[in-house]
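One structure is given below, encoded as structure tokens.
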Amino acid sequence: RISDLVEYLQGFGVSDALIPLLIMTASFESGLSNDVIGVNKNGTKDYGVYQVNVEGFYENRDKNKPDKTLQLFFDKVGKEYKQEELIEKINNNEKFASQFVAHYIERLIDNPKSFNTKGNPLNMWSAYRDFVVPLSKGEKIDRDLKSVTNAIGAYVDTAMQLQTQQFKKILKTDTNVVDSVSGNNG
């Protein structure tokens, strides 16, 4: 699963520096599972592996008025989705969800003042602000041990996958040799 997410995110242009943090965030948000619906305090819902608040991408929550981010995404993919269709795709298709998240991150990077990200596009995810950032600073977080362990494991697995890709490029060697070394934990 993580290798697929990494492949999708890279393919859609997300920086390798952001991918481990995004996947760790997704682990806290959804346990890296599709078909997860989270309910926010304001009554809106988050969908899929990245827990995207689809309703937030419509002006005044009007499902017939996509905002600029969605309009640009629809232009990019060549199809305009109705809100229900978009929810279905994001909630059940991690490649499509990755494509949308990559587009969203690109918009956040290009427009940090408009989105008030303080220079970090992942600040738009509450799990990043509430769990990933404090954890990375060595602070205690209010989460169960299993979800923390899984999120750390997702981060490490992602970072190792990206590092293995770099080794393969640097060494320009038979990938089977690198694969056998990277799979060895001892």
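Predicted model, so just to flag it, every value in this text is computed and none were measured. The basis for the numbers below is simple: all heavy atoms, side chains too, and nothing from hydrogens, waters or symmetry mates. Residue indices begin at 1 and follow the sequence shown.
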Checklist outcome for this item: Heavy-atom closest pair (Val54 atom, Gln83 atom, distance to 0.1 Å) is CG1-CG, 4.0 Å
Checklist entry - How are the rings of Phe131 and Phe28 set to each other: parallel, tilted or perpendicular (split at 30° and 60°)? => result tilted
Checklist outcome for this item: dist Ile109:CD1 -> Asn120:CG (nearest 0.5 Å) comes out at 8.5 Å
Checklist entry - When rounded to the nearest 0.5 angstrom, what is the spacing between CG in Asp35 and CG in Asn92? => result 5.0 Å
Checklist entry - Which value, rounded to the nearest 0.5 Å, describes the distance between Leu70 atom CG and Glu59 atom CD? => result 10.0 Å
Next on the checklist: Are the side chains of Tyr50 and Tyr104 in contact, using a 4.5 Å heavy-atom criterion?
Outcome noted: no
Checklist outcome for this item: When rounded to the nearest 0.5 Å, the distance separating OH of Tyr47 from CG of Asn91 is 7.5 Å
Checklist entry - With no hydrogens and no angle check, is any side-chain donor or acceptor of Gln71 less than 3.5 Å from a backbone partner on Pro66? => result yes
Checklist entry - Is the number of heavy atoms from other residues, nucleotides or ligands within 6.0 Å of OH (Tyr155) greater than 12? => result no
Item to check | Check: Thr158 side chain, Pro20 main-chain N or O, donor-acceptor pair, under 3.5 Å | outcome: no
Checklist outcome for this item: Scanning both residues in full, the closest heavy-atom pair of Thr44 with Asn42 reads OG1-OD1, 2.7 Å
Item to check | Exercise: identify the closest heavy-atom pair between Glu29 and Trp125 | outcome: OE2-CD1, 3.6 Å
Next on the checklist: According to a hydrophobic-cluster definition based on side-chain heavy atoms being under 4.5 Å apart (Ile, Leu, Val, Met, Phe, Trp, Tyr only), do Val36 and Val148 belong together?
Outcome noted: no
Checklist entry - For Lys76, does the NZ atom have more than 12 heavy-atom neighbours from other residues, nucleotides or ligands under 6.0 Å away? => result yes
Checklist entry - Taking the six-membered ring for Trp, are Phe96 and Phe73 parallel (under 30°), tilted (30 to 60°) or perpendicular (over 60°)? => result perpendicular
Checklist entry - Does Lys89 offer a backbone N or O that forms a donor-acceptor pair with the side chain of Asn93 under 3.5 Å? => result no
Item to check | Side chain to side chain, Lys95 and Ser98, heavy atoms closer than 4.5 Å | outcome: no
Item to check | Nearest heavy atoms of Ser136 and Val133, plus distance in Å | outcome: OG-O, 2.7 Å
Checklist entry - Just by distance, do the side chain of Asn53 and the backbone of Asp46 share a donor-acceptor pair under 3.5 Å? => result no
Checklist entry - When the ring planes of Phe100 and His103 are compared, do they come out parallel, tilted or perpendicular, using 30° and 60° as the limits? => result tilted
Checklist entry - Are more than 12 heavy atoms from other residues, nucleotides or ligands located less than 6.0 Å from atom CG of Asp142? => result no
Next on the checklist: For the CD1 atom of Ile90 and the CD atom of Gln51, what is their distance to the nearest 0.5 Å?
Outcome noted: 11.0 Å
Checklist entry - Which distance, rounded to the nearest 0.5 Å, do you find between the CD1 of Ile19 and the CG of Leu9? => result 5.0 Å
Checklist entry - Run the side chain to side chain contact (heavy atoms under 4.5 Å, CB included) check on Phe115 and Asn123 step by step: do they pass? => result CA-CA 10 Å; Phe115 292 102; Asn123 277 328; over 6 Å; no
Checklist entry - Does some side-chain heavy atom of Asp130 sit less than 4.5 Å from a side-chain heavy atom of Ile141? => result no
Checklist entry - Are any non-hydrogen side-chain atoms of Leu135 and Met24 less than 4.5 angstrom apart? => result yes
Checklist entry - Would you say Gln165 and Leu162 make side-chain contact, with heavy atoms under 4.5 Å? => result yes
Item to check | Side-chain donor or acceptor of Gln161 paired with backbone N/O of Val6 under 3.5 Å | outcome: no
Item to check | For the student: nearest non-hydrogen atoms of Glu94 and Asp4, plus distance | outcome: OE2-CB, 3.9 Å
Checklist entry - Is the shortest heavy-atom distance from the side chain of Glu85 to the side chain of Lys79 under 4.5 Å? => result yes
Checklist entry - Among the clusters formed by ILVMFWY side chains lying less than 4.5 Å apart, do Val49 and Met124 turn up in the same one? => result yes
Item to check | Residue pairs involving residues 2-27 (criterion ring-ring contact (aromatic ring centres under 6.0 Å, His included); sequence neighbours excluded) | outcome: none
Checklist entry - Passes side chain to side chain contact (heavy atoms under 4.5 Å, CB included), Val101 versus Leu22? Steps please. => result CA-CA 10 Å; Val101 165; Leu22 179 59; 3.8 Å; yes
Next on the checklist: Hydrophobic clustering (ILVMFWY, side-chain heavy atoms < 4.5 Å, transitive) - are Val77 and Leu72 grouped together?
Outcome noted: no
Item to check | Heavy-atom pair of closest approach, residues Gly48 and Ser30 | outcome: O-CB, 3.6 Å
